[in-house]
Amino acid sequence: MKSCLFLALPLLLVASPALATGGFDCRATDGSGIMLSGTIGRVITSPLVAAHLRLGDRTLATTDADPEIRIGRSWIDERELRVDLVDADAMRFEAQLRTRIGGRGRGAGTLVRNGVTHPVRCEVE
């Protein structure tokens, strides 16, 4: 019985909820005040679970009761982060993020909003 406990403890630690999700924060470096953050699920299906787009004082979130934005598509791996956010009707892009991830989970890239390209710096957990 004691040997079962020694085997089960490491398995419980690996399966802890803290390892179930991660996230990212990307901030525009051009003074526009745009920020995109997201919650990443560690699953094989769509990796982006939720997103928040901050536009100065205004925040659009996929988690609002009546969301103004939705996740169109996303791609996240150890080298790259791509996110397309669309309006609630999926008729136009609200933001398109393209970032290369370097060492220590940091990256740089662009975020396109209303036809304007903004340089961004990102941190990925």
side-chain contact (heavy atoms from CB on, under 4.5 Å) involving Ile69 - partner list, sequence neighbours excluded: Leu53, Leu60, Thr62, Leu85, Glu94

Review item, side-chain donor-acceptor pairs of residues 115-125, under 3.5 Å, at least two apart:
| unit_1 | atom_1 | unit_2 | atom_2 | d |
| --- | --- | --- | --- | --- |
| His118 | ND1 | Asp30 | OD2 | 2.7 |

Kindly compute the distance separating CG (Leu97) from OG (Ser74), expressed to the nearest 0.5 Å. 10.5 Å

So OG1 of Thr99 and CZ of Phe24: to nearest 0.5 Å the spacing works out to 8.0 Å

Can you give me the closest heavy-atom contact between Ala61 and Pro67, atom names plus distance? O-CB, 3.5 Å

Would a single hydrophobic cluster contain both Ile34 and Val86, if residues Ile, Leu, Val, Met, Phe, Trp and Tyr are joined by side-chain heavy-atom contacts under 4.5 Å? no

Tell me, do Leu111 and Leu36 make a side-chain contact under 4.5 Å, heavy atoms counted? yes

Take Trp75 and Leu48 through the side chain to side chain contact (heavy atoms under 4.5 Å, CB included) test and state the conclusion after the steps. CA-CA 8 Å; Trp75 175 267; Leu48 190 58; over 6 Å; no

Taking all heavy atoms of Val49 and all of Gly41, pick out the closest pair and write down the distance. CG2-N, 3.4 Å

Pairs flagged by salt bridge (Lys or Arg N to Asp or Glu O under 4.0 Å) wherever residues 65-76 is involved - sequence neighbours left out: Arg58-Glu68, Arg73-Asp84

Evaluate the side-chain proximity of Asp25 to Met35: yes if any heavy-atom separation is below 4.5 Å, no if none is. yes

Is any side-chain heavy atom of Val112 less than 4.5 Å from a side-chain heavy atom of Arg98? no

Nearest-0.5 Å distance, OG of residue Ser32 to CZ of residue Arg113: 10.5 Å

Can any side-chain N or O of Asp89 pair as donor or acceptor with the backbone N or O of Met91 at less than 3.5 Å? no

